[in-house]
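The structure under discussion appears below in the form of C-alpha coordinates.
Hydrogens, waters and symmetry mates play no part in the numbers below; they use all other heavy atoms, side chains included.
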Amino acid sequence: MFPVRCFTCGSVIGDKWEEFSRRVMAGEDPGKVLDSLGVTRYCCRRMFISHIDLAELELSFTPVMER
(Lines give C-alpha, C1' and ligand atoms only; values in the text may rest on other atoms or scores of the structure.)
Protein backbone atom coordinates (compact mmCIF):
# COMPACT_ATOMS: atom_id res chain seq x y z
CA MET A 1 0.00 0.00 0.00
CA PHE A 2 1.36 3.37 -1.01
CA PRO A 3 1.65 5.92 1.82
CA VAL A 4 -0.74 8.87 1.87
CA ARG A 5 1.99 11.32 2.95
CA CYS A 6 5.71 11.59 2.39
CA PHE A 7 7.58 10.19 5.39
CA THR A 8 10.05 13.10 5.41
CA CYS A 9 8.16 16.30 4.63
CA GLY A 10 4.54 15.26 5.20
CA SER A 11 3.34 16.37 1.77
CA VAL A 12 0.25 14.58 0.44
CA ILE A 13 1.36 12.22 -2.33
CA GLY A 14 -1.07 9.29 -2.13
CA ASP A 15 -3.48 10.82 -4.63
CA LYS A 16 -0.83 10.74 -7.36
CA TRP A 17 0.14 7.05 -7.11
CA GLU A 18 -2.56 5.62 -9.41
CA GLU A 19 -1.69 7.91 -12.32
CA PHE A 20 2.06 7.52 -11.75
CA SER A 21 1.80 3.73 -11.76
CA ARG A 22 -0.45 3.65 -14.83
CA ARG A 23 1.79 5.95 -16.86
CA VAL A 24 5.03 4.19 -15.91
CA MET A 25 3.51 0.81 -16.81
CA ALA A 26 2.57 2.32 -20.18
CA GLY A 27 6.27 3.01 -20.80
CA GLU A 28 6.76 6.66 -19.83
CA ASP A 29 9.91 7.84 -18.06
CA PRO A 30 9.28 7.94 -14.26
CA GLY A 31 11.16 11.22 -13.83
CA LYS A 32 9.10 12.98 -16.48
CA VAL A 33 5.87 11.59 -15.03
CA LEU A 34 6.77 12.94 -11.59
CA ASP A 35 7.60 16.32 -13.12
CA SER A 36 4.21 16.47 -14.85
CA LEU A 37 2.43 15.48 -11.62
CA GLY A 38 4.17 18.32 -9.78
CA VAL A 39 6.26 16.13 -7.48
CA THR A 40 9.44 18.20 -7.17
CA ARG A 41 10.93 17.43 -3.76
CA TYR A 42 13.47 14.64 -3.85
CA CYS A 43 12.09 13.13 -0.63
CA CYS A 44 8.67 12.76 -2.25
CA ARG A 45 10.15 11.48 -5.51
CA ARG A 46 11.99 8.70 -3.69
CA MET A 47 8.67 7.54 -2.23
CA PHE A 48 7.43 6.88 -5.76
CA ILE A 49 10.65 5.49 -7.21
CA SER A 50 11.44 3.13 -4.33
CA HIS A 51 7.91 1.82 -3.68
CA ILE A 52 7.36 -1.89 -4.26
CA ASP A 53 3.72 -2.96 -4.44
CA LEU A 54 3.48 -6.13 -2.37
CA ALA A 55 -0.32 -6.48 -2.40
CA GLU A 56 -0.27 -9.11 -5.15
CA LEU A 57 2.41 -11.10 -3.33
CA GLU A 58 0.51 -10.96 -0.03
CA LEU A 59 -2.67 -12.19 -1.69
CA SER A 60 -0.89 -15.28 -2.97
CA PHE A 61 -0.24 -16.36 0.64
CA THR A 62 -3.82 -15.84 1.82
CA PRO A 63 -5.46 -19.15 2.69
CA VAL A 64 -8.35 -20.07 0.46
CA MET A 65 -11.65 -20.48 2.29
CA GLU A 66 -13.22 -23.88 1.70
CA ARG A 67 -16.88 -23.87 0.82
Side-chain angles (χ1 to χ4, degrees):
M1 292 181 12
F2 192 74
V4 175
R5 293 184 175 270
C6 175
F7 293 153
T8 305
C9 69
S11 179
V12 178
I13 57 173
D15 60 336
K16 298 171 179 67
W17 172 251
E18 295 279 331
E19 184 174 354
F20 173 79
S21 178
R22 181 180 50 80
R23 289 173 62 181
V24 169
M25 289 298 206
E28 290 187 53
D29 179 47
K32 291 182 181 181
V33 173
L34 290 173
D35 289 339
S36 70
L37 291 174
V39 180
T40 56
R41 293 181 179 164
Y42 66 90
C43 60
C44 297
R45 292 172 79 92
R46 72 149 163 106
M47 298 291 290
F48 286 91
I49 300 298
S50 65
H51 179 72
I52 299 172
D53 195 13
L54 297 176
E56 296 286 329
L57 181 62
E58 290 173 5
L59 289 174
S60 67
F61 291 108
T62 304
V64 178
M65 302 286 289
E66 294 185 42
R67 294 181 185 221

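Hydrophobic clustering, defined by side-chain heavy atoms of Ile, Leu, Val, Met, Phe, Trp and Tyr closer than 4.5 Å, groups Leu57 together with Ile52, Leu54, Phe61. Alongside Val12, the hydrophobic cluster contains no other residue (criterion: ILVMFWY side chains under 4.5 Å).
Sequence neighbours left out, the pairs with a member in residues 6-16 that pass side chain to side chain donor-acceptor pair (under 3.5 Å) are Thr8-Arg46. Residue pairs meeting the ring-ring contact (aromatic ring centres under 6.0 Å, His included) criterion with at least one member in residues 14-40, sequence neighbours excluded, are Phe2-Trp17, Trp17-Phe20, Trp17-His51, Phe20-Phe48.
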Give every donor-acceptor pair under 3.5 Å between a side-chain atom in residues 27-44 and any protein atom, sequence neighbours left out.
unit_1	atom_1	unit_2	atom_2	d
Glu28	OE1	Arg23	NE	3.4
Glu28	OE1	Arg23	NH2	3.1
Glu28	OE2	Arg23	NE	3.2
Asp29	OD2	Lys32	N	3.4
Asp35	OD1	Arg45	NH1	2.9
Asp35	OD1	Arg45	NH2	3.4
Ser36	OG	Arg23	NH1	3.0
Ser36	OG	Arg23	NH2	3.1
Ser36	OG	Val33	O	2.8

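Shortest non-hydrogen contact noted between Met47 and Cys6 is CG-SG, 4.1 Å.
Every residue two or more places apart in sequence or in another chain was checked for a ring-ring contact (aromatic ring centres under 6.0 Å, His included) with Phe7, and none qualifies.
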